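Data first, discussion second: the structure below is written as structure tokens.
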Amino acid sequence: MQEKEQKIWKSYQKNVQYLNERLGVDKSFDIIKLDLEYAGRNMTMFMIDGFVKDDIMLQTMKFLGRLEPEQLEPDPFVKLMKTYIPYIEIDKQDDLIKVTDAVLAGTTALVVDGIDTIIMIDARTYPVRSSEEPDLERVVRGSRDGYVETIIFNTALTRRRVRDRSLRMEYLQIGRRSKTDICISYLEDIVDMDRVEELKNILKKIDTDGLPMAEKTIEEFLSDRYWNPYPSIRYTERPDTAAAHLFEGHILILIDGSPSVMITSATYWHHLQHAEEYRQKPTVGAYLRIVRFIAVFFSIFILPLYYLFSANPDILPAGLAFIGPSENGVIPLLVQFLIAEIGLDMLRMAAIHTPSSLATALGLVAAIMIGQISVEVGWFTNEVVLYIATAAIGSYATPSYELSLANRLSRIFLLLTTASFGVSGYMIGITVWILYVTRMRSFHIPYFWPFIPFSFKAFRDILIRIPIPLKNRRPTFLNPQDPDR
């Protein structure tokens with residue numbers, strides 16, 4: 001429930017008492033309350049230990065300590081704001097509830113006796129790691145910086161690459177209790193402003209206690225289909241990738257506490273693009289993109305297709321008669337595939353939770369167990385291991401981690417329909433998958449565009465990495481104000 005505003009009282013003691021109780025000063029050791037006296041006036045500072053830049057606050061208190069009572073006359077508020085608090089980010093606030101929220105976010109509140117407003121000094125700092133290249137989006141050549149968990153650092157990394165006067169960074173807060181800082185970033189001269197307003201309206205309507213999972217929580221509120229495994233929003237931890245999407249007319253959502261920036265709107269094909277393609281010559285980049293597409297579609301279709309040929313060898317032409325297991329294993333082929341799929345996911349989860357010093361040992365154990373011993377004891381056949389490995393490589397070649405997990409579920413679905421209904425099941429499963437994906441929409445944009453509905457020029461740009469000098473038009477599905485690049 002949203003709390004009503006609480007206007008500041010004329011009584012200095014009453015304001016201090018209210019903030020003292022609301023912040024729980026006596027109940028939390030890290031909430032600091034300083035009772036001070038400068039220029040003959042009682043003053044109180046409220047701040048959070050660890051969120052305040054000590055050197056800035058020390059200099060501010062030195063300036064205040066030199067003041068004489070007559071120096072604050074005739075208007076003490078104006079004198080303090082414009083003369084005697086030498087800091088850039090200062091503001092005023094007359095709502096005590098907003099003052100509390102700001103203090104909990106790291107701002108320092110200065111309550112002064114005889115002034116009917118509270119001075120807010122934004123001298124905050126957060127624990128932050130250094131900017132480094134994200135693990136999931138590494139490139140051979142290119143920048144090595146990446147987003148971090150502090151929103152102000154991320155906005156600076158973005159603005160460093162987009163020095164356009166129309167770049168907008170709009171601030172929001174979401175979460176009744178967490179008060180999480182959100183930033184919506186876009187180029188005002190390019191983006192479709194109707195989409196911006198729609199996105200802001202959706203974000204403002206989010207009613208929840210907090211955003212403990214940051215961008216993933218936001219995505220679930222933005223998505224219309226909660227149980228749909230396919231991601232409707234693209235994530236990136238690379239500032240150069242985010243900047244490229246801004247120039248196309250996309251909208252970015254930056255969330256404090258998360259190094260991942262959300263890119264809207266995003267189609268299926270956006271999740272298959274990678275910065276490495278644009279760090280190489282166009283011919284090499286086009287080749288890498290085609291190889292990636294082949295790997296991704298292998299990860300979805302090759303296991304069900306192999307099972308179909310193994311279960312129905314009569315549909316194979318003579319030249320492909322070698323496809324299929326040379327000997328039947330102890331366990332049925334379908335069960336082998338399912339066990340291998342679950343085993344791969346177990347291995348993936350184990351790798352995530354394994355310290356890096358033990359990762360090599362885990363890899364050796366997995367290779368011995370899955371590759372050799374499992375075949376010798378009859379759990380798997382050699383062909384099953386080969387095709388599972390091919391599908392796994394395709395999954396790992398998918399730039400988007402969320403998309404690779406969704407494709408894995410689709411692969412299991414196709415495998416089950418093929419095992420249940422044979423050739424008809426394989427064809428029906430693919431048809432159902434295509435219909436399911438094409439019916440999805442990401443902010444009113446068909447998820448499979450430009451393949452369905454088909455647009456030759458747009459699909460050509462997706463299938464082949466077009467040289468940048470020839471890529472002189474922005475994507476039409478974003479409805480940009482300035483379509484010419």
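All of these numbers come straight from a predicted model, not from anything done at the bench.
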**Asked** Given the rule in the side chain to side chain contact (heavy atoms under 4.5 Å, CB included) test, do Ser299 and Arg411 qualify, once you have shown the distances and angles that lead to the verdict?
**Response** CA-CA 7 Å; Ser299 71; Arg411 179 172 71 232; 4.0 Å; yes
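- In plain terms, the two heavy atoms of Ile255 and Ala214 that are nearest each other are CD1-C, 3.9 Å.
- Atoms NZ and CD, on Lys204 and Gln173 in that order, are 13.0 Å from each other to the nearest 0.5 Å.
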**Request:** Kindly determine whether Ile339 and Ile342 satisfy side chain to side chain contact (heavy atoms under 4.5 Å, CB included), including the steps that lead there.
**Result:** CA-CA 5 Å; Ile339 292 175; Ile342 295 173; 6.0 Å; no
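- One N or O on the side chain of Ser395 and one on the backbone of Ala391 form a donor-acceptor pair closer than 3.5 Å.
- Applying the ring pair (Phe, Tyr, Trp, His ring centres under 6.0 Å) rule to Phe298 yields no partners; only residues at least two apart in sequence or on another chain are considered.
- The line from CZ of Phe221 to CG of Asp207 is 7.5 Å long, rounded to the nearest 0.5 Å.
- Among pairs with a residue in residues 445-455, none fulfils salt bridge (charged side-chain N to carboxylate O under 4.0 Å, His left out), at least two apart in sequence or across chains.
- To the nearest 0.5 Å, atom OG1 of residue Thr155 and atom CG of residue Leu167 are 9.5 Å apart.
- At distances below 3.5 Å, at least one donor-acceptor pair connects side-chain atoms of Arg124 with backbone N or O atoms of Ala105.
- Between the Thr60 side chain and the Ile56 main chain, a donor and an acceptor come within less than 3.5 Å of each other.
- Comment: Asp209 engages Arg176 in a salt bridge, judged by a side-chain N to carboxylate O separation of less than 4.0 angstrom.
- Here ring pair (Phe, Tyr, Trp, His ring centres under 6.0 Å) pairs that include residues 139-186, with residues two or more places apart or in two chains, number zero.
- Side chain of Asn15 to main chain of Trp9: a donor-acceptor pair is present (N/O by atom type, distance under 3.5 Å, no hydrogens or angles).
- In this structure, Ser131 contributes its side chain and Gly146 its backbone to a donor-acceptor pair below 3.5 Å.
- Side-chain contact, Ser178 with Thr180: a donor N or O sits under 3.5 Å from an acceptor N or O.
- Gln13 places no side-chain N or O within 3.5 Å of a backbone atom of Asp113 that could act as its donor or acceptor partner.
- For the residue pair His250 / Arg234, no side-chain donor-acceptor distance below 3.5 Å is found, with atom types taken as modelled.
- Applying the salt bridge (Lys or Arg N to Asp or Glu O under 4.0 Å) rule to Arg238 yields the partners Glu133, Asp240; only residues at least two apart in sequence or on another chain are considered.
- Looking at Asn154, its side chain does come within 3.5 Å of a backbone N or O of Val148 through a donor-acceptor pair.
- In this structure, the side chain of Asn201 engages the main chain of Glu197 through a donor-acceptor pair within 3.5 Å.
- Of the possible donor and acceptor atoms, one in the side chain of Asp256 sits under 3.5 Å from a partner among the backbone N and O of Ile151.
- Residues satisfying the ring pair (Phe, Tyr, Trp, His ring centres under 6.0 Å) test with His271, not counting sequence neighbours, are none.
- Separating the CE atom in Met81 from the CD1 atom in Ile121 is a distance of 9.0 Å, to the nearest 0.5 Å.
- Residues Leu19 and Val111 meet the side-chain proximity criterion, which asks for heavy atoms closer than 4.5 Å.
- Residues that satisfy the side-chain contact (heavy atoms from CB on, under 4.5 Å) test with Ser260, not counting sequence neighbours, are Glu215, Tyr235, Glu237, Ser258.
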Pair up each side-chain donor or acceptor in residues 87-98 with any protein partner under 3.5 Å, not counting sequence neighbours, and list the distances.
from  : atom 1 : to     : atom 2 : distance (Å)
Tyr87 : OH     : Asp122 : O      : 3.1
Gln93 : OE1    : Asp95  : N      : 3.2
Asp95 : OD1    : Gln6   : N      : 2.9
Asp95 : OD1    : Ile97  : N      : 3.1

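- Applying the side-chain hydrogen bond (donor to acceptor under 3.5 Å, both in side chains) rule to pairs touching residues 435-452 yields Glu198-His444, Asn228-Tyr436, sequence neighbours excluded.
- Judged as a salt bridge (charged side-chain N to carboxylate O under 4.0 Å, His left out), not a single pair has a partner in residues 53-63 (not counting sequence neighbours).
- Between Arg473 and Asp484 the shortest heavy-atom distance is NH1-CB, 3.8 Å.
- For Arg485, the salt bridge (Lys or Arg N to Asp or Glu O under 4.0 Å) criterion is met by no residue, not counting sequence neighbours.
- Checked by atom type and distance alone, the side chain of Thr264 pairs as donor or acceptor with a backbone atom of Ile251 at under 3.5 Å.
- Using a 4.0 Å cut-off between charged side-chain N and carboxylate O, Arg279 and Glu276 make no salt bridge.
- Between Leu344 and Ala392, the shortest heavy-atom contact is CD1-CB, 3.9 Å.
- Residue Ile184 holds its CD1 atom at 5.0 Å from CG of Leu199, rounded to the nearest 0.5 Å.
- For the pair Arg465 and Glu277, the salt-bridge criterion is not met [side-chain N within less than 4.0 Å of a carboxylate O].
- Ring geometry for Tyr268 against Trp433 counts as perpendicular: the plane angle is over 60°, on a 0 to 90° scale with 30° as the lower cut.
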**Message:** Does Lys14 form a salt bridge (charged side-chain N to carboxylate O under 4.0 Å, His left out) with Glu21? I'd like the steps, not just the answer.
**Reply:** CA-CA 11 Å; Lys14 197 170 183 179; Glu21 293 176 355; over 6 Å; no
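- A salt bridge links Asp145 and Arg161; the closest N-O separation between the charged side-chain nitrogens and carboxylate oxygens is under 4.0 Å.
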**Request:** Please step through side chain to side chain contact (heavy atoms under 4.5 Å, CB included) for the pair Ile462 and His270, ending with a clear verdict.
**Result:** CA-CA 9 Å; Ile462 285 175; His270 279 97; over 6 Å; no
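- With sequence neighbours left out, the ring pair (Phe, Tyr, Trp, His ring centres under 6.0 Å) criterion links Tyr12 to no other residue.
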**Request:** May I have the step-by-step check of side chain to side chain contact (heavy atoms under 4.5 Å, CB included) for Ser185 and Leu254, ending in yes or no?
**Result:** CA-CA 8 Å; Ser185 179; Leu254 298 87; 3.9 Å; yes
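- Counting only heavy atoms from C-beta outward, the side chains of Leu222 and Ile202 approach each other to under 4.5 Å.
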**Message:** Run Lys471 and Asp461 through salt bridge (charged side-chain N to carboxylate O under 4.0 Å, His left out) and show every step you take.
**Reply:** CA-CA 8 Å; Lys471 198 173 182 179; Asp461 293 347; over 6 Å; no
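- Evaluation of the ring pair (Phe, Tyr, Trp, His ring centres under 6.0 Å) test over residues 49-79, restricted to residues two or more places apart or in two chains, returns Phe51-Tyr126.
- Atom CG of residue Asn407 and atom CD of residue Glu402 lie 11.5 Å apart, to the nearest 0.5 angstrom.
- The pair Arg144-Glu132 does not count as a salt bridge, with every side-chain nitrogen at least 4.0 angstrom from each carboxylate oxygen.
- With respect to Lys10 and Asp116, no salt bridge is recorded, no charged nitrogen being found less than 4.0 Å from a carboxylate O.
- Shortest non-hydrogen contact noted between Ala109 and Val99 is CB-CG1, 3.8 Å.
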